[in-house]
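Structure record follows, encoded as structure tokens.
None of the values given here were measured: they were computed from a predicted structure. Scope of the values below: all heavy atoms of this structure, side chains included, with no hydrogens, waters or symmetry mates.
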Number of protein chains: 2
Amino acid sequence: MGESLLFLTDEQLRQGIEGMFFAYRGFTSAPDQILEGISYGRAHHRALHFIARSPGMNVNRLLTILGVTKQSLNRVLRTLIEDGLVESRVGVADKRERHLYLTEEGTALETRLSEAQRAQMRAAYRRAGPEAVAGFRQVLEAMMDPELRRIYSALREGGA
Amino acid sequence: MGESLLFLTDEQLRQGIEGMFFAYRGFTSAPDQILEGISYGRAHHRALHFIARSPGMNVNRLLTILGVTKQSLNRVLRTLIEDGLVESRVGVADKRERHLYLTEEGTALETRLSEAQRAQMRAAYRRAGPEAVAGFRQVLEAMMDPELRRIYSALREGGA
DNA sequence: CTTGGAATGTCAACAAGACTGACATAACAT
DNA sequence: ATGTTATGTCAGTCTTGTTGACATTCCAAG
């Protein structure tokens, strides 16, 4: 326990901060390269990811997950729907709600992006080894603020 | 070894991806709150951080670290210099180069931002425990692409 | 000494992606 | 019938990134 106080020097924390900064660039680079060619950006990728993860999700839930305004999401979603990557179906129980699904084409792009990003993640995980990965995941979860941690856990359970 | 193949299911990788996404939001939220009041953004924070880390660094090196164009950095740097947070000194050996230093005021803001972010990091590290942190750092380093990893290591050595 | 190239700064224009505010519509709930 | 919720949309703004063009300064090689 004395150790857990000792080892948290400012220098160690600073390295963690810089580590997050540099690693996040590596984390996004593979899908970014794919997105460069087509006329979509990271925002589109994020929307596709979470729609793929929880098909039939309504707009409000996606807004909460992404943490952006509805105007911001709507711009992205509109282009994806217009381009036939996402389908928006009126809710059955509540007709005000729109439920979001990937079309075949949307699934194809999401798979491409996802595979590139997973390949990058897989390589990092392999290099670091299973024990490091377990620790990595623990710290990531500890870094989230409570609401996002709940969303994260819900995705894990519901998205299987 | 069989284990290190087995445990990397797509679902595990997906959780790692979502973990990075959600954790990065937690990672930036504390300094973002401070920045809200004043007229600076994350780009200013990043510049201040790395100038504080390696005082006297020239512009080109900072460009490489941040991975943006000189025009983009210059806009940020100009406001910081105008506002008296950063000082730009002409190089001694090579007078084309500008070496960057924080002023007293710049140091004050950087310290404020840095302390907020370190507090957040410290809390996460404490929750996860020392072993998890070691693994976390290993995975982060494995996620960087080689050039950034070199920069990251150079900072660790030079910035003590 | 002249010339080429490197390091830096600056102007202009633009794009993505976030924001706020205001307003419209449809549908649920009371 | 009325208020609230879920969604969409229009208009305008901000930050942060981009490209392209050009000027200045200065080192270094001929």
Side-chain angles (χ1 to χ4, degrees), chain A residues 21 24-25 28-29 31-51 56-83 86-101, chain B residues 21 24-25 28-29 31-51 56-83 86-101:
Chain A
F21 174 63
Y24 200 80
R25 301 240 298 268
T28 53
S29 62
D32 281 358
Q33 274 188 323
I34 294 173
L35 292 162
E36 245 180 36
I38 54 189
S39 59
Y40 297 130
R42 270 186 211 174
H44 300 86
H45 178 199
R46 289 196 284 263
L48 290 175
H49 173 98
F50 287 107
I51 296 170
M57 168 188 271
N58 67 29
V59 174
N60 235 358
R61 175 135 180 80
L62 187 52
L63 278 175
T64 311
I65 290 174
L66 295 177
V68 298
T69 58
K70 61 172 180 171
Q71 293 92 328
S72 206
L73 174 58
N74 202 256
R75 186 174 15 159
V76 165
L77 227 38
R78 191 169 45 215
T79 67
L80 290 172
I81 292 170
E82 277 170 6
D83 296 350
V86 167
E87 196 189 342
S88 165
R89 296 187 206 152
V90 171
V92 188
D94 187 336
K95 287 177 192 166
R96 288 171 304 181
E97 293 180 349
R98 303 299 146 97
H99 298 269
L100 303 168
Y101 298 87
Chain B
F21 174 64
Y24 200 80
R25 302 240 298 267
T28 53
S29 63
D32 280 357
Q33 273 186 324
I34 294 172
L35 292 163
E36 245 179 39
I38 54 190
S39 59
Y40 296 131
R42 272 185 209 175
H44 300 87
H45 178 199
R46 290 196 283 263
L48 290 175
H49 173 98
F50 288 108
I51 296 171
M57 171 187 269
N58 68 28
V59 174
N60 232 3
R61 175 136 180 81
L62 186 52
L63 278 175
T64 310
I65 290 174
L66 295 176
V68 298
T69 58
K70 62 173 178 172
Q71 293 91 332
S72 204
L73 174 59
N74 202 255
R75 188 178 16 195
V76 165
L77 228 38
R78 191 170 47 217
T79 67
L80 290 173
I81 292 169
E82 277 170 7
D83 297 351
V86 168
E87 196 190 341
S88 165
R89 294 186 207 152
V90 172
V92 187
D94 186 336
K95 287 178 192 163
R96 288 168 303 180
E97 292 180 350
R98 305 298 146 97
H99 298 269
L100 303 167
Y101 298 87

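- When all heavy atoms of B:His99 and B:Gly56 are compared, the closest pair comes out as ND1-O, 2.7 Å.
- With sequence neighbours excluded, the residues forming a ring pair (Phe, Tyr, Trp, His ring centres under 6.0 Å) with B:Phe50 are A:Phe21, A:Phe22, listed by chain and number.
- Rounding to whole angstrom units, CG of residue A:Asn74 and C1' of D:dT7 are separated by 8 Å.
- Rounded to whole Å, the distance from CZ on A:Arg78 to C1' on D:dG8 is 8 Å.
- Of all nucleotides in DNA chain C, those with any atom nearer than 4.0 Å to a heavy atom of chain B start and finish, going 5' to 3', at C:dG5 to C:dC11.
- Between B:Arg75 and A:Gly41, the residue whose closest nucleotide on DNA chain C is further toward the 5' end is B:Arg75.
- Residues satisfying the side chain to side chain donor-acceptor pair (under 3.5 Å) test with B:Glu87, not counting sequence neighbours, are B:Arg89.
- The side-chain heavy atoms of A:Val76 and A:Arg46, taken from C-beta on, include no pair separated by under 4.5 Å.
- Note: CG (B:Asp32) to C1' (D:dC14) measures 14 Å, nearest angstrom.
- In terms of the salt bridge (Lys or Arg N to Asp or Glu O under 4.0 Å) criterion, residue partners of A:Arg96 (sequence neighbours excluded) are, by chain and number, A:Asp94.
- For DNA chain C, the neighbouring residues in residues 58-69 of chain B, judged by any heavy atom under 4.0 Å, are B:Asn58, B:Val59, B:Asn60.
- With contacts defined as side-chain heavy-atom distances shorter than 4.5 Å, the pair A:Val59/A:Lys70 does not qualify.
- Counting to the nearest Å, the C1' atom of D:dT7 and the CD1 atom of A:Ile81 are 11 Å from each other.
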Which pairs of donor and acceptor atoms, one on a side chain in residues 32-41 of chain A, lie under 3.5 Å apart (sequence neighbours left out)?
{"residue": "A:Asp32", "atom": "OD1", "partner": "A:Arg42", "partner atom": "NE", "Å": "3.2"}
{"residue": "A:Asp32", "atom": "OD2", "partner": "A:Arg42", "partner atom": "NE", "Å": "3.1"}
{"residue": "A:Asp32", "atom": "OD2", "partner": "A:Arg42", "partner atom": "NH2", "Å": "2.7"}
{"residue": "A:Tyr40", "atom": "OH", "partner": "A:Asp83", "partner atom": "OD2", "Å": "2.3"}

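- With sequence neighbours excluded, the residues forming a side chain to side chain donor-acceptor pair (under 3.5 Å) with A:Ser29 are A:Gln120, listed by chain and number.
- Within residues 43-50 of chain A, the residues having any heavy atom under 4.0 Å from DNA chain C are, by residue number, A:Ala43, A:His44, A:Arg46.
- Along DNA chain C, the nucleotide nearest A:Leu73 and the nucleotide nearest A:Gly91 are compared for position; the residue whose nucleotide lies closer to the 5' end is A:Leu73.
- A search for side-chain contact (heavy atoms from CB on, under 4.5 Å) contacts involving A:Val90 returns A:Lys95, A:Arg98, not counting sequence neighbours.
- Residues that satisfy the side chain to side chain donor-acceptor pair (under 3.5 Å) test with A:Arg78, not counting sequence neighbours, are absent from this structure.
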Polar atom pairs between nucleotides 21-26 of chain D and protein, under 3.5 Å, N or O only, would you list them?
none

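- With sequence neighbours excluded, no residue satisfies side chain to side chain donor-acceptor pair (under 3.5 Å) with B:Thr69.
- For the residue pair B:Leu100 and B:Ile51, the shortest heavy atom distance occurs at O-CG2, 3.7 Å.
- Contact of the B:Leu63 side chain with the B:Asn60 side chain is registered, since non-hydrogen atoms from C-beta on lie closer than 4.5 Å.
- If you measure from atom CZ of A:Arg42 to atom C1' of D:dT16, you get 12 Å, rounded to the nearest angstrom.
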